[in-house]
Amino acid sequence: MLVQSAGALMPFAHVKAGSPARKRKAASGGTARRMEGELRAQNERFSAAVENMSHGLCMFDADERMIICNGNYIDIFCLDSAVVRPGTSFFDILQHSVDIGIASQSAEELYAIRKPYIDGAKPSTYEENLSDGRIIVISHRPLASGGWVSIYEDVTEQRRAERDLKEQHRRFDAALANMSQGLLMYDADGKMIVRNERFLQLCGVSEADFPLGMTQKEALEKLVDGGVYVGLDIDAEVAQTNASLDAGHFRSTYRQLIDGRTLLVVRRPMAGGGWVATFDDVTERRRAEARMTHLAHHDALTNLPNRSMFRERLDQALADPGIAPLAIISLDLDRFKSVNDTFGHPAGDWLLKCVAEQLQRCLRKERDVVARFGGDEFVIVQFDIQGPDDAEKLAKRIANAIAKPFRHKNRDIHVGVSLGIALFPRDGRDAETLLKNADMALYRAKSEGRNLFRFFEPSMDEMLRARRALEVDIELALPRREFDLDYQPIMNIASGEIVGVEALMRWQSPTRGAVTPDTFIPVAEETGLILPLGEWALRKACAAAATWPPDMRIAVNVSAMQIRNDGFARSVISALAFSGVPAQRLELEITETVLMDESDRVLRMLNQLRGLGIHIALDDFGIGYSSLGYLRRFPVDKIKIDRSFIRDIGNRDTAAIVRAVIGLGAQLGITVTAEGVETEAQLDLLRREGCVEAQGYLIGIPVKAGQIRRQLVAGVARSQTG
Ligand code: C2E
Ligand code: MG
Ligand code: MG
């Protein structure tokens with residue numbers, strides 16, 4: 001829409017051109033018509049140009065009346081084109097804009113503001129804010145004829161964009177300054193265009209060292225020369241950068257700083273070319289990661305490799321086709337549990353650490369590995385052995401080292417070690433088999449007595465299977481009532497009277513026949529079945545004793561494991577209560593290991609039972625450690641000399657030992673019983689030496705409950721009649 005006067009109001013250029021044209025028209029009709037046509041065409045072109053310009057335009061004459069304006073002008077100020085027409089005064093237009101509410105000041109004020117600009121008293125261009133928030137740039141040009149032309153541009157959007165951009169810059173700067181990462185940005189020409197403060201801080205360099213515009217090569221040179229980076233091939237780095245840019249992706253890298261810190265450098269190409277690099281101080285994280293991997297592969301207590309790391313090393317070695325023979329040595333400590341029980345867990349932990357150190361010292365080759373698999377279980381891989389001898393030497397070295405006492409807080413802790421050895425390739429070609437076979441050899445070493453080493457033999461596999469089958473059968477035997485007790489009399493040598501009876505467990509298996517206690521008791525101890533089995537024996541023996549003549553003592557064997565169990569004292573008292581047998585008639589036969597290994601808690605409990613009147617007998621005396629110190633630790637009521645001494649009593653040395661024990665018993669007021677007396681000669685000898693009691697086939701073999709009862713009743717009757 002072009003607003004102009006009806007009679008083809010001339011734009012300022014035409015006003016002048018118009019007059020002579022009219023004169024010429026009068027002179028020559030044809031020329032005049034042609035010129036008029038030309039003029040009209042020119043006018044139309046002008047009008048079109050004004051109308052199509054992107055700015056608002058308004059022209060005023062010397063009397064401040066509007067000559068012409070375009071649609072944009074009307075639109076910008078939301079004017080009414082019926083009011084704002086050619087001839088309308090400048091002031092009226094201002095008043096109109098006030099009337100319609102677009103102006104933010106009064107017409108007078110507006111006039112006063114604009115006039116100095118129009119008159120050239122102020123710069124020709126200025127900004128005006130409309131009441132609706134828009135911003136209009138207005139510029140005025142004076143016309144030669146005395147009026148002026150004003151151009152209006154709505155710059156609201158442009159200003160907002162500028163403001164947004166500025167805000168964006170501000171935020172970007174703030175973000176850059178506050179980033180925990182260092183940041184560098186290079187443009188498509190490889191020149192540094194952004195660098196934040198944190199980068200300078202991380203690298204300990206100054207802003208002056210790192211002027212914007214430098215290349216990556218120059219930057220790296222600065223860092224290497226300044227001693228920040230170590231061991232960096234700058235040319236290779238730059239080549240790598242170019243290759244990565246070509247490929248469109250970078251790989252992150254770790255940079256080692258000379259002061260020990262590690263920076264993680266991550267680079268990303270930018271859409272318009274160039275790249276951004278961020279720098280992160282990952283020193284702590286890397287250390288933590290290293291600690292984590294160490295923890296995942298090591299035992300926390302001893303710091304030895306753990307099972308998973310051991311397997312990794314072994315698998316790795318076995319995967320090498322050129323591998324030399326090696327040995328797997330499986331070992332575990334003897335009596336470790338009692339160390340824990342006696343001295344407490346901190347002492348146990350301390351001991352494990354000492355053992356770990358000893359084991360490491362025993363290894364000769366750098367490559368050999370000792371790992372802790374858990375508890376007191378360690379495994380060694382000994383590489384490059386010439387033959388079994390090498391493994392044997394190592395095993396002996398270890399056994400000797402561990403056999404020496406460990407001194408802890410002014411006391412000596414004694415443990416031993418059992419070892420099982422499997423050889424590659426003889427005993428297996430994969431880790432699984434080798435470890436299993438070494439374990440089997442260890443198992444054998446343990447069952448043959450402690451502080452031993454054994455090589456794996458194929459028959460062990462067979463034996464282990466047989467052993468597992470035995471475990472299963474024993475487990476089933478108790479609910480199937482396959483166990484029973486036999487009773488063997490014990491005689492007072494001086495009077496020849498039967499004073500007590502020992503209960504001995506029997507197992508009649510439907511498939512195996514009679515199985516001796518020496519076979520099934522150790523297995524029951526290991527599987528834990530001895531707890532219910534032992535309790536059953538205690539009750540059954542007491543129940544039998546209840547039917548015997550009064551004062552007849554009943555001796556029951558108890559395993560160390562039963563005594564260690566918290567409920568032991570309760571089950572003893574309950575067996576007595578159920579049977580009605582007085583405590584004085586019950587004798588518990590324990591072995592030396594109980595006194596040797598057990599904690600104060602166990603000794604207190606035994607003393608408590610003794611306080612009730614129950615007798616405690618030390619069974620199989622002489623075959624174990626036979627340290628008399630144990631007798632001081634716990635005053636037993638009876639010592640039973642093991643039958644192997646009685647068998648060999650004809651031997652002078654053996655006789656001397658038996659004599660000494662009998663003498664010791666007499667001095668300490670402890671009853672001494674000789675086990676396994678089979679001949680009159682043995683009994684005579686024992687009698688001469690003053691032994692108090694005897695037990696053995698000569699006096700009576702173990703028999704069933706009914707039979708012992710008959711014997712005892714008859715015996716009492718005999719002594720009463722005799
Ligand atoms: P022990 O307590 O020393 O029992 C004595 C063993 O010597 C018994 O063997 C008995 O049969 C045997 N014996 C008795 N007199 C003679 C003899 O004159 N000559 C010979 N050569 N042997 C004789 P048994 O019954 O085979 O028991 C073996 C071991 O099993 C027992 O040795 C004991 O340690 C254990 N045991 C037996 N019953 C039980 C039980 O109920 N509980 C526990 N924990 N262990 C038991
Ligand atoms: Mg016994
Ligand atoms: Mg015995």
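None of these values were measured; they are calculated from a predicted model. Read the numbers this way: they start at 1 and go in the same order the structure lists the ligands and their atoms. In this chain, numbering begins with 1 at the start of the sequence shown.
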Decide yes or no for Ser509 and Phe483: does some side-chain heavy atom of the first lie under 4.5 Å from some side-chain heavy atom of the second? no

Examine the side chains of Glu471 and Thr527 and answer whether a donor and an acceptor come within less than 3.5 Å of each other. no

Got a salt bridge between Glu693 and Arg553, using NZ or NE/NH1/NH2 to carboxylate O under 4.0 Å? yes

Six-ring centre of Phe343, Arg411 cation under 6.0 angstrom, axis tolerance 45°: no

Taking the side chain as every heavy atom from C-beta outward, state whether Ile398 and Ile380 have any atom pair closer than 4.5 Å. yes

Could you walk me through whether Phe645 and Phe621 pass the ring-ring contact (aromatic ring centres under 6.0 Å, His included) test, one step at a time? CA-CA 9 Å; Phe645 290 91; Phe621 190 80; 8.2 Å; no

Considering non-hydrogen atoms only, spot the tightest contact between Ala401 and Phe406 and give its length. O-CZ, 4.5 Å

When you check the gap from the basic side-chain N to the acidic O, do Glu357 and Lys353 get nearer than 4.0 Å? no

Which distance, rounded to the nearest 0.5 Å, do you find between the CG of Asn306 and the CZ of Phe373? 8.5 Å

Taking 2.8 Å as the strict upper bound, the Mg ion (ligand 2) has protein N, O or S neighbours numbering 4

Give the protein residues with at least one non-hydrogen atom closer than 4.0 Å to an atom of ligand 1, ordered by chain and number. Gln488, Glu502, Leu504, Met505, Arg506, Pro517, Asp518, Ile521, Asn557, Val558, Ser559, Glu589, Asp619, Asp620, Arg643, Glu675, Gly676, Val677, Glu678, Gly696, Tyr697, Pro702

